[in-house]
Amino acid sequence: MTAATVDPIDLPAPPDPDIADEPVYVGKQTDAQLTDQLLDLVLSPPRWMPYALAATGLGSFVLFCAVTYTVTTGIGVWGNNIPVAWAFAITNFVWWIGIGHAGTFISAFLLLLEQKWRTSINRFAEAMTLFAIVQAGLFPLLHMGRPWFFYWLIPYPAEMRIWPQFRSSLTWDVAAVSTYLTVSILFWYLGLIPDVAAMRDRAKETWRRRVYGVLALGWYGSAKQWQRYRIGYGLLGGFATPLVISVHSVVSMDFAISQLPGWHSLIFPPYFVAGAIFSGFAMVLTLMLPARKLYKLENVITTNHLDNMGKMMLLTGWVVFYAYLCEMYCAWYSADPFEIYANITAKISGTYSPVWWVVFFCNCLAPQSLWSKKLRTSPVALWMVTIIFQIGMWLERYMLIVMSENRDFLPKSWHLYLPSAIDLTILAGTICFFLFLFLLLLRFLPFIPISELKEMRHQMRNEAEEAKHDAERVRKAVLHVHA
Amino acid sequence: MTLEARTREFAPGEDERPDGVERREFLRLLGAGAALAGIAGCERSPRTTIVPWVTQPPEAHPGSPRFYASAMEIDGYAIGLLGESHEGRPTKIEGNPEHPASLGATGLLAQASVLGAYDPDRVRSVEKRGEPASWGALRAVMAQIPDRGRGVHVILEPTGSPTIAAQISRLRAKFPELDVRWHAPLAPVNAWAGARIALGEPLETRVDLRAADVILALDSDFLSSGPWALVHQRDFAGRRTPATAADAMNRLYAVEPVMSVTGAAADHRLRVRARDVLAVAAAIARELAAIGVGISADLAGALAPWAARALEHEKWARVVARDLAAHRGASAVVVGETQPPVLHALAHAVNAALGNVGTSVTYSVSPIVDAGSEAFDLAPVSRALQAGQVKLLLVLGGNPAYTAPADLELAASIGNARESVYCGLYANETAGACVWHAPLAHWLESWGDARAFDGTASIVQPLLAPQAEARTKAELLDVLLGEPPRAPHDIVFASWAAARRDAATLFAAWLEKGLVDGTATPPLVPPPAPKALAIGRALAGLPLPNDGRSLELTFRRDTKVHDGAYANNVWLQELADTITQLTWDNAALLSRSTASRLGIADGDVVELGLGGRSLLVPALIVPGQADDSIAVSLGYGRQGGESVARGIGANAYALRTTGAPWFAGGATATATGRRAELALEQVHRSLEGRDDHVLLHETKDVWARGGGALTERKKPQLTLYEEMPQGPRQWGMAVDLSACTGCGACVVACQAENNVPSVGKLGVAKSRSMHWLRVDRYFAGAPDEPQVLLEPMMCQHCEKAPCEYVCPTNATTHSQDGLNQMIYNRCVGTRFCSNNCPYKVRRFNWFDYHQDQAPIVALVHNPDVTVRSRGVMEKCTYCVQRIREAEIREQVEGTPIVDGTVRSACEQACASGAIVFGDLRDEGSRVARLHASQRAFRVLDDLGTRPHTMYLARIRNPSPELA
């Protein structure tokens, strides 16, 4: 993308009454200045970057060791038992895949709804989605007793003519997650192409130009390319949108199709999707707020973004809260002693009830703070709330999985679950690995979509001019009438 | 000999691996190794011909197992068994249906003993102070017996073996001053002494539970301990399983300090300290006398001060007495070994007064050599040892240094003997105290003979060649007798040939049948009459305990490791105790109120003190335990070279003395502030009000009135599908909870049959035990006076199995004949099936459990069952290998499968007949009839899983007067 020589645009832009009061872009830069600002983030990285990469890289190595130990020794190195046959691994899986939802939601869903504020944050969110799916994808593999046979869950023409057992939601899971991963990669990569081309054009070192050149797939910004790009991006957006709903719905069926009290529930698909978006937005903010500060991006990620995302979390948080209440009500209404125990008694007063109470605080009470606009627009306060949400959502999955399993039908089976050191290491390791991948993104790719941002700016200027023009016309018409 | 010395890998002086091997040396060793490999390979099959394989019979095919009859002694009493042998390798023990002590069933110890044969900890060669030595040298030591045998002491385990009996009498004749002693910590010396008081002779009391309508058990765990346990279980169950509410049932009253399996089966259980049992018995006897049951006035007078101590239980005693009196001639009073002789004597008097003798109670001469004699007292040996008068001490079997009363200090004084020889399986405490260790042959490797409780003799024949240099006890006694070396078979045969002229012709038939016909000792007719005067005098001579609420300590036979002899058996260690659900440990059992009075919590390490001795043991609060009474089971805290047993639990023998072998007052218990983790198989105690879904139980009266759980339960779930839509046979199971005593034999049988791995204490504590079949235990009612509800739980083989539809790889499917199958090599281990199994009977291989075993242990594996690798699920298969074998036989040989042809391992082991397996399509089959029973129910029926296993509700028969 070549730097355009457009006049500086004065943009405390038009009030956009249906979304926000605040602007989604602040500043008076030229397109070239904006491109420079955003490309500079990658081309001249901050000094702390190598240390951060080394620290998270080390954490990723520890994860690698823990995974190797697990695969070579057996799942027994975890704390799992019978009845709690799924625990940390599946909790982490659901948590990570949930986090992976916000990216696609922001990119695709909001794209279709033509929400302008998505622009500055969508790449960020998409990348986060990808990296979260990478973490999530580890767990279904790892938690198998014999992970080297994972491909038996994939329908392929085996010589024994055995197919996966399609009534099991685990086979649906394989399809749902792999589809989601594929579409997410394509969507993210497609959006990245114009910016990678800009990187190619601006990079100083030859190797960089080569690498970005290959990644840019020969992009030179012709009108034809832009037209095809738009169509492709729109189509993928259309593809990805239903996936936001389907993936976590399918994941929720890993539980819902069973007959375990606490899992066996029809509310799970919408409940899981809402929770996923809730935690996904929280994660976007958790990552974005420090990046915004460190990279001084207040002009492209404005308080308007924070405000909007805060509102999304408030909304989805309420859906989650409603689902909690609904589960309890349904259990009570069913009059089934096992359901009542798992959904009400165990939560309020069972062995794991502290977990439930923390979840209740994190996911039901804490989101109510988002009613305050002051909090929604305060980066520090907002960041702290998102951390609370992350913890709450992780514990919610832990509660759903472990609490339901540890006390099921026969009291004989009742047994506590405690994670082993390896369990904790793997969870911490995936967080490191996630951050490591994220830092790599910050280091090597433009994480604010430059072309889209510039496009949006122009759009907004046009709209502002149109609005001015309209206002003028209205004024004239009124004058005319009065006359 | 120290453990260190035994486990040292290299010769003394060589602390490290020798520095490399020369090429020539290597080739030489390689050649020698290859040549010897062939010889070693032959070692596993018996060297002597054993019957019925005189020559290989034409019907014997490699791959199909053969069964050999043999017998195993427990505390000297034989139980007739069949050993299943695969190509010369015994893998499973079954009961011998012809044998009176087995009736086809087996107990825990017999089931687990096959694993003991392959125990890698067994000593293989003769050792002197832990170093390898030769038989010749040992023989020379043993042959140096002075004239008349002065200073020579032999300690044996009690036995009924005619061969050993003959050898002992020859020994006594040859060396009149040679001292022969019998020692087993659980030998029924109190019962013999009681019989001697009451009847003048140490007779065996046999109780026929078939003829008993009312049973009073005085601290007696007759359903799980003693040589008659299997017979008792069968007969008891026969009177507890009504088809309709109108059917008669027996009634069991139990008085005991510790909840036992028998107490759990009781209709009424009185929780009293061990030393108050006599008082309760006296109160009942006095009530009987008051009603006019013929208790002599002398005796009644002597009972008065005792009965006065049980005033608080007066009503209970009166009801029991009335019930007993109402069933004269059809009741039984049974006393446990833990109670003093005088109570045994009193019971004889009460039984006689009730007219039970001759009907439900009979007497016979004990099959045990020297039963009831002074030779069961080890004190003289201990004195001789301490005085340094012992020239040769020979310990044949057992482990007296560990099990002898602590006050004898046998372990410390054995070193005073000039020569000491221990012949045993393991390098245990006694082996450590003795100079010489001669490896003993396991019973599966031995020729010998043994007698059952009723005197029936069996020939013990080996299924396996003895390991390395192992010898039988008879061979060692032969050495003492100065006999020229004879093959073990010849010793036994010669002894029988000397006793019976027809031995030569009938020996093979005896081997085949597993017993010698006509050797049972008949009940004494007329039965001896109890001497009321002597009993009264004995009672009057006994000081009344006058220690108020002082803490009592009781020692219990451990249901799993017995007296400690089986402590190295992983299967038994891993088995959960029926009542406490404790594995891999013993504990100080105490009641909740006692614990709170002493400030002790579950899992606290407690210091128990008794008579100046002390012991550290973790506390475990158990419902049903008598207040102010702490129970510790024997057999733990081992210090020898048994790697499994070593260091597990606490050694209660350290507190057990000659004067108080079973219980004593004046004990102390203080919390040390330390905690210990106890591995409980089941943590939760209550059914949480889920009785009607999980475990139906009802009293007979309520059932008869047409109310209660049995009649009011919901209708079976409706379904649109056909009940059993598939093949011609539909396998199913019925478990009668009224019959099940929870003895656990089925669990071990299942483990042996199906190559079920053990997971160790940590594994159990993490709830990862692998048992395909377990016995769930719940406590109902008041925490201190609980009703124990037991429920064997295994895969229910659901027709609409929740595990099947969630498996992503088709690794668990439904067969045409109604089995829920598990395909191990298709399983990837997602464990979704376990999550969705409401019965939680699926087991996951968290590690490669079989990989950790010593190679020799793999010999115990059943070749018909896959050994599972890590990462796969497993569960009860209804013993599918047995089904398929029968089907193949049906196809090949035309042997039709009828009801009873296919028996699951659990069914076969169960003495109570609580488990029945068969074809549900066959309307005449036992299982089909049981499924149609009024008592039949499905566990968690509401879920619509349609299990092929149905349970029959537990019915109790409490006295209306105590309701």
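Computed from a predicted model, the values in this text were never measured in an experiment. A note on names: the letters A, B, ... follow the listed sequences, proteins ahead of strands, and every chain is numbered from 1.
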What part of V174(A) gets closer than 4.5 Å to chain B, counting heavy atoms only: side chain, backbone, both or neither?
neither
Exercise: identify the closest heavy-atom pair between W163(A) and R826(B):
O-NH2, 3.8 Å
Under 3.5 Å, is there a donor-acceptor pair between the side chain of R842(B) and the main chain of I82(A)?
no
Quick one: pull up CG in N835(B) and OG in S404(A) and give me the separation to the nearest 0.5 Å.
10.0 Å
Do you know the tightest heavy-atom contact between F847(B) and G74(A)?
CE2-O, 4.4 Å
Count the heavy-atom pairs under 4.5 Å between each of S834(B), G689(B), A811(B) and chain A, then report the option with the highest count.
S834(B)
Report the C-alpha distance between I75(A) and F844(B) in whole Å, list the side-chain angles of each, state the deciding distance to 0.1 Å, and finish with yes or no for side chain to side chain contact (heavy atoms under 4.5 Å, CB included).
CA-CA 10 Å; I75(A) 304 294; F844(B) 186 67; 4.1 Å; yes
I want to check something: taking the side chain as every heavy atom from C-beta on, are F409(A) and L943(B) in contact at a cut-off of under 4.5 Å?
yes
Value rounded to 0.5 Å, distance of SG in C827(B) from CH2 in W152(A):
9.0 Å
With side chains defined as the heavy atoms from C-beta onward, is the minimum distance between L410(A) and L940(B) less than 4.5 Å?
yes
What's the shortest heavy-atom distance between L170(A) and F832(B), and which atoms?
CG-CD1, 3.6 Å
Between E681(B) and K412(A), is there a salt bridge with N-O shorter than 4.0 Å?
yes
Bottom line for N80(A): the part with an atom under 4.5 Å from chain B's heavy atoms is both
Just by distance, no angles: are the side chains of Q259(A) and N836(B) close enough, under 3.5 Å, to form a donor-acceptor pair?
no
Under 4.5 Å from a heavy atom of chain B, the part of H143(A) involved:
both
With no hydrogens and no angle check, is any side-chain donor or acceptor of Y805(B) less than 3.5 Å from a backbone partner on F166(A)?
no
Give a yes or no on whether the backbone of N825(B) and the side-chain of R146(A) come within a donor-acceptor separation of less than 3.5 Å.
yes
Heavy-atom proximity to chain B below 4.5 Å, by part of F338(A):
both
So, the side chain of Q165(A) versus the backbone of T813(B): is there a donor-acceptor pair under 3.5 Å, distance only?
no
Per-residue contact mode, T351(A) against chain B (heavy atom under 4.5 angstrom)
neither
Which one of D776(B), V872(B), V828(B), V806(B) has the most heavy-atom pairs closer than 4.5 Å to chain A?
V828(B)
Determine the minimum heavy-atom distance between K840(B) and P83(A), stating which atoms define it.
CE-CB, 3.6 Å
Under 4.5 Å, counting heavy-atom pairs only, tell me which of T73(A), L260(A), L153(A), I90(A) racks up the most with chain B.
T73(A)
Okay, T72(A) and chain B: the region with an atom under 4.5 Å from a heavy atom over there is backbone
Counting heavy-atom pairs under 4.5 Å with chain A, which one of G871(B), S767(B), P802(B) comes out on top?
S767(B)
Can a donor-acceptor pair be found, under 3.5 Å and without considering hydrogens, that links the side chain of W86(A) to the backbone of T830(B)?
yes
Please give me the minimum heavy-atom distance between T171(A) and P808(B), naming the atom from each residue.
CG2-O, 3.5 Å
Please classify the contact between S769(B) and chain A as side chain, backbone, both or neither, with a heavy-atom cut-off of under 4.5 Å.
neither
Nearest 0.5 Å please: distance from the NZ atom of K766(B) over to the NE2 atom of H415(A).
11.0 Å
Find out whether the Lys NZ or Arg CZ of R690(B) is both under 6.0 angstrom from the six-membered ring centre of Y341(A) and within 45° of the ring's axis.
yes
Which atoms of V939(B) approach chain A - backbone, side chain, both or neither, heavy atom under 4.5 Å
side chain
Give the minimum heavy-atom separation between R831(B) and A85(A), together with the two atoms involved.
NE-O, 2.7 Å
Under a 4.5 Å heavy-atom cutoff, which of L418(A), L416(A), V71(A) has the most pairs with chain B?
V71(A)
